[in-house]
Number of protein chains: 2
Amino acid sequence: MIFDNTVPIYIQIMKLIKKDIILGKLELGAKVLSTREYAQELKVNPNTMVRVFNELEREGITFTKRGVGTFITESKEKVESMKKEMAEDIIRNFIDGMLELGFEFSDMIDLIKHRLEKEVVQ
Amino acid sequence: MIFDNTVPIYIQIMKLIKKDIILGKLELGAKVLSTREYAQELKVNPNTMVRVFNELEREGITFTKRGVGTFITESKEKVESMKKEMAEDIIRNFIDGMLELGFEFSDMIDLIKHRLEKEVVQ
DNA sequence: ACTAGTGTACTATATACATATAACACTAGT
DNA sequence: ACTAGTGTTATATGTATATAGTACACTAGT
């Protein structure tokens with residue numbers, strides 16, 4: 001795992017875990033690695049993982065049983081709304097960013113299509 | 001100007017100035033506000049503006065004449081490549097982000113089109 | 001009861017960022 | 001020469017982030 005040093009590591013790990021949930025790599029209700037295990041796995045300080053899980057719990061994504069472990073929420077709805085929220089953010093960033101650079105709506109569609117064609121070829 | 005506290009202010013101001021150049025609000029070769037004026041305008045510390053201009057100069061976007069002021073590059077090519085770079089970044093973030101959430105290429109086009117229709121109506 | 005594996009909490013240190021404040025150096029216009 | 005307006009440099013302070021290290025509290029299995 002390589003981190004972008006312009007964004008706090010705990011934020012990046014939060015996104016990583018959210019994506020793992022969305023993609024089904026982490027199942028609903030499943031126990032995740034302990035803070036210490038995750039810290040070792042991601043080569044990060046245990047305290048950073050504590051922060052990650054505190055924030056995720058605050059958002060209702062995970063819950064913890066003291067002395068037992070940390071678990072993914074059981075709520076399918078929560079995961080769905082999380083996915084939708086993350087997608088909305090990405091779409092918004094794209095459109096707003098392109099508008100701010102002076103691109104028109106038609107440019108956006110063209111650029112995306114053009115880029116996707118390239119990707120498919122690869 | 002409202003700043004997003006998850007990103008360093010000097011980075012946000014750099015983007016702001018780059019956008020102003022791209023949109024022609026700041027002309028090639030033009031003298032920009034002094035660090036002190038910009039600081040007052042954006043309600044930011046003068047040292048933060050010093051950092052902004054140091055970084056922009058390092059990127060070849062601006063140049064300074066000591067005791068005189070700070071100026072936008074004369075190079076049209078520089079501005080063009082900067083715009084292209086910023087657009088590429090935005091497009092890349094969009095595609096990578098959506099792929100990581102499990103969306104297909106066709107989903108992306110649909111979502112963008114759908115969102116753009118909404119925007120136009122507004 | 002004991003123990004291993006959890007989460008929790010705390011202190012200390014280092015770095016980046018942003019601010020506040022002040023002083024210095026250069027340039028252009030008077 | 002002087003002065004106002006530049007950029008430049010420096011010290012100090014506060015906050016957020018990340019790390020290192022330690023200790024405590026709870027739970028489940030033995």
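Computed from a predicted structure; not experimentally measured. So you know, we letter chains A, B, ... as the sequences are listed, proteins then strands, and number each from 1.
- S34(A) has a side-chain polar atom (N or O) that falls below the 4.0 Å cut-off from OP1 or OP2 of dT6(C).
- Put simply, CD on E88(A) and CG on L111(B) are 8.0 Å apart, with the number rounded to the nearest 0.5 Å.
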Nucleotide N/O to protein N/O under 3.5 Å, stretch nucleotides 22-28 of chain D:
| from | atom 1 | to | atom 2 | distance (Å) |
| --- | --- | --- | --- | --- |
| dA25(D) | O4' | R66(A) | NH2 | 2.9 |

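- Considering NZ of K76(B) and CG of L28(B), their distance stands at 7.5 Å, rounded to 0.5 Å.
- The stretch residues 91-105 of chain A participates, sequence neighbours left out, in these salt bridge (Lys or Arg N to Asp or Glu O under 4.0 Å) pairs: R92(A)-D96(A), R92(A)-E119(B), E100(A)-K19(B).
- The nucleotide whose nearest atom lies closest to any side-chain atom of T48(B) is, among dT19(C), dT8(D), dT8(C), dT19(C).
- For the pair M49(B) CE and dT8(D) P, the interatomic distance rounds to 13 Å; values are reported in whole Å.
- Residue-level contact check: E37(B) touches the backbone only, with heavy atoms under 4.0 Å from sugar-phosphate atoms and none from bases.
- The side chain of T70(B) places an N or O atom within less than 4.0 Å of a non-bridging phosphate oxygen (OP1 or OP2) of dG7(D).
- Between V50(A) and N5(A), the residue whose closest nucleotide on DNA chain C is further toward the 5' end is V50(A).
- Across the protein-nucleic acid pair, R51(A) atom CZ and dT8(C) atom P stand 15 Å apart, rounded to whole Å.
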Any chance you could encode DNA chain C as dot-bracket? Rule is Watson-Crick or G-U wobble with both distances under 3.5 Å; [ ] for pairs crossing earlier ones, | for another strand. ||||||||||||||||||||||||||||||

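- Transitive grouping of hydrophobic side chains (ILVMFWY, heavy atoms separated by less than 4.5 Å) brings L101(B) and L26(A) into a common cluster.
- Cation-pi geometry between K83(B) and F103(A) is met: under 6.0 angstrom from the ring centre, within 45 degrees of the axis.
- Close to dT8(C), at under 4.0 Å from its OP1 or OP2, lies a side-chain N or O of T64(A).
- The interatomic distance linking F53(B) (CZ) with dG7(D) (P) rounds to 7 Å, in whole Å.
- Residues passing the side-chain hydrogen bond (donor to acceptor under 3.5 Å, both in side chains) test with E55(B) are R58(B), sequence neighbours excluded.
- In terms of heavy atoms, I72(A) sits closest to F63(A) at O-CE2, 3.3 Å.
- Here dG7(D) presents its C1' atom at 16 Å from CD of E55(B), a figure rounded to the nearest Å.
- By the side-chain hydrogen bond (donor to acceptor under 3.5 Å, both in side chains) test, Y10(A) pairs with R51(A), sequence neighbours left out.
- Scanning residues 8-19 of chain A for heavy-atom distances under 4.0 Å to DNA chain D yields P8(A), I9(A), Y10(A).
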